[in-house]
Protein chains: 2
Amino acid sequence: MDDIDRKILGLLQKDATLSTAEIAEAVGLSTTPCWRRIQILEQEGYITRRVALVDRNKVNVPLDVFVAVRTNEHNWDWLDEFARLICEFPEVVELYRMSGEIDYLMRVVVPDMAAYDAFYKKLISKVQLSDVSSSFAMERIKYTTALPLDYALEETRGRRRRS
Amino acid sequence: MDDIDRKILGLLQKDATLSTAEIAEAVGLSTTPCWRRIQILEQEGYITRRVALVDRNKVNVPLDVFVAVRTNEHNWDWLDEFARLICEFPEVVELYRMSGEIDYLMRVVVPDMAAYDAFYKKLISKVQLSDVSSSFAMERIKYTTALPLDYALEETRGRRRRS
DNA sequence: ACAAGCCATGGACGATATCGACCGTAAGAT
DNA sequence: ATCTTACGGTCGATATCGTCCATGGCTTGT
């Protein structure tokens with residue numbers, strides 16, 4: 001993990017269709033060593049997968065709903081069951097176990113409020129939840145899958161230190 | 001948008017490295033028409049981009065913080081400035097304008113609570129916010145970039161209706 | 001019956017990925 | 001002062017795919 005690796009990751013995070021030649025030029029390497037680095041980044045698990053992002057409007061799910069959940073059950077079995085169940089819902093794209101007041105927070109994508117209502121009914125019919133509160137997003141201002149790379153550690157693995 | 005298109009999108013959402021031949025086989029087409037459909041899906045904007053997802057632990061940002069923001073300023077100029085500013089922060093991965101109590105909700109990724117504190121200080125030094133409350137995620141149970149495709153409309157564009 | 005739309009097949013061209021081999025160099029270690 | 005290691009650069013060979021023809025056949029709507 002040096003500056004060049006960071007640059008490569010940064011580029012691929014934005015656009016995974018870039019050819020090795022293009023990346024090589026952008027980071028100031030020739031193609032072969034650049035390709036080697038990408039290989040290593042993949043083998044070491046820095047890059048977990050490459051995916052296509054689809055337009056939410058085109059597939060008719062323009063609405064984000066944040067669902068804050070509280071429960072009375074706080075044992076592992078319940079959590080397992082809950083997690084398993086939620087993962088079945090394709091509408092739930094994010095689910096976090098939280099600290100503080102709220103036990104779980106999830107983001108749900110649906111076509112509109114009516115569809116959310118249908119989802120909500122399905123949800124509460126399957127799980128016992130003591131308190132559910134939904135907040136609707138009016139507008140998504142920023143959304144990116146790109147993580148910040150400034151915090152990545154050098155990790156003197158081989159011996160990679162360029163001035 | 002028929003069942004085959006949905007299948008193709010579903011596959012590419014999960015793994016964009018699949019070759020057209022593999023996709024073709026999976027959806028029960030031969031390669032050429034399958035390739036054409038993918039072309040169309042891209043031209044029509046169903047597929048917006050292809051990106052690489054990187055491992056958050058590897059790049060040292062394992063912690064999710066949800067930041068709920070309230071403000072007194074409710075004019076367009078302020079929003080523009082706020083949006084512009086937030087988009088500069090690579091740690092802010094999602095930002096929504098909400099309905100209800102909270103004005104804005106964002107997800108921030110950082111290495112640890114200390115780093116979040118540093119981020120927080122940077123944030124409040126740049127924007128005037130009347131109320132900020134942070135919730136830390138203990139665990140990310142589900143996270144996917146794949147949208148549900150069940151809601152996608154048929155959109156009888158050409159004449160595409162399979163049984 | 002006819003036309004339109006979609007599929008399958010086959011093939012051709014070119015871009016790229018994917019290596020392997022070899023050399024040069026700079027920094028660290030002994 | 002060497003020896004070693006870890007790069008990077010270059011060259012080149014394969015082979016896989018993407019890309020895009022052209023043709024023919026099947027089904028469906030009018």
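In this text the structure is predicted, and so the values were computed from the model without any measurement. Heavy atoms only: backbone and side chains are in, while hydrogens, waters and symmetry mates are out. Order of the sequence lines sets the chain letters (A, B, ...), proteins ahead of strands, with each chain counted from 1.
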Can you find a heavy atom in the side chain of A:R97 that is under 4.5 Å from one in the side chain of A:L79? yes
For atom CD1 of A:I4 and atom P of D:dA6, their distance in whole Å: 17 Å
Donor-acceptor pair, distance only, cut-off 3.5 Å: does the side chain of B:S99 make one with the backbone of A:M138? no
Flag the pair A:F66 / B:Y96 as yes when their ring centroid distance falls below 6.0 Å, and as no otherwise. yes
note: B:Q39, atom CD; C:dC6, atom C1'; distance rounded to Å ~ 17 Å
Spacing between A:I38 atom CD1 and C:dC19 atom C1', to the nearest angstrom: 14 Å
Could you verify whether a donor N or O on one side chain and an acceptor N or O on the other, from B:Y104 and B:T71, lie under 3.5 Å apart? no
Rounding to an integer number of Å, can you tell me how far B:I8 CD1 sits from C:dC7 P? 9 Å
Besides B:W35, the hydrophobic cluster formed by Ile, Leu, Val, Met, Phe, Trp and Tyr side chains linked at under 4.5 Å, directly or via other members, contains none
Just how far, in rounded Å, is C1' of C:dA17 from CD1 of A:I40? 16 Å
Between B:E91 and B:Y116, does any side-chain donor sit less than 3.5 Å from a side-chain acceptor? no
Check the distance between C:dC6's C1' and B:W35's CH2 and give it to me in whole angstrom. 15 Å
Separation of atom CG in A:D5 from atom P in D:dA6, rounded to whole Å: 15 Å
Let me know the distance between CZ of A:R36 and C1' of D:dT5, rounded to the nearest Å. 14 Å
Of residues 12-33 of chain B, the positions that come close to DNA chain C - non-hydrogen atoms, cut-off under 4.0 Å: B:G28, B:L29, B:S30, B:T32, B:P33
B:R37 side chain near C:dC6 phosphate (N/O to OP1/OP2, under 4.0 Å): no
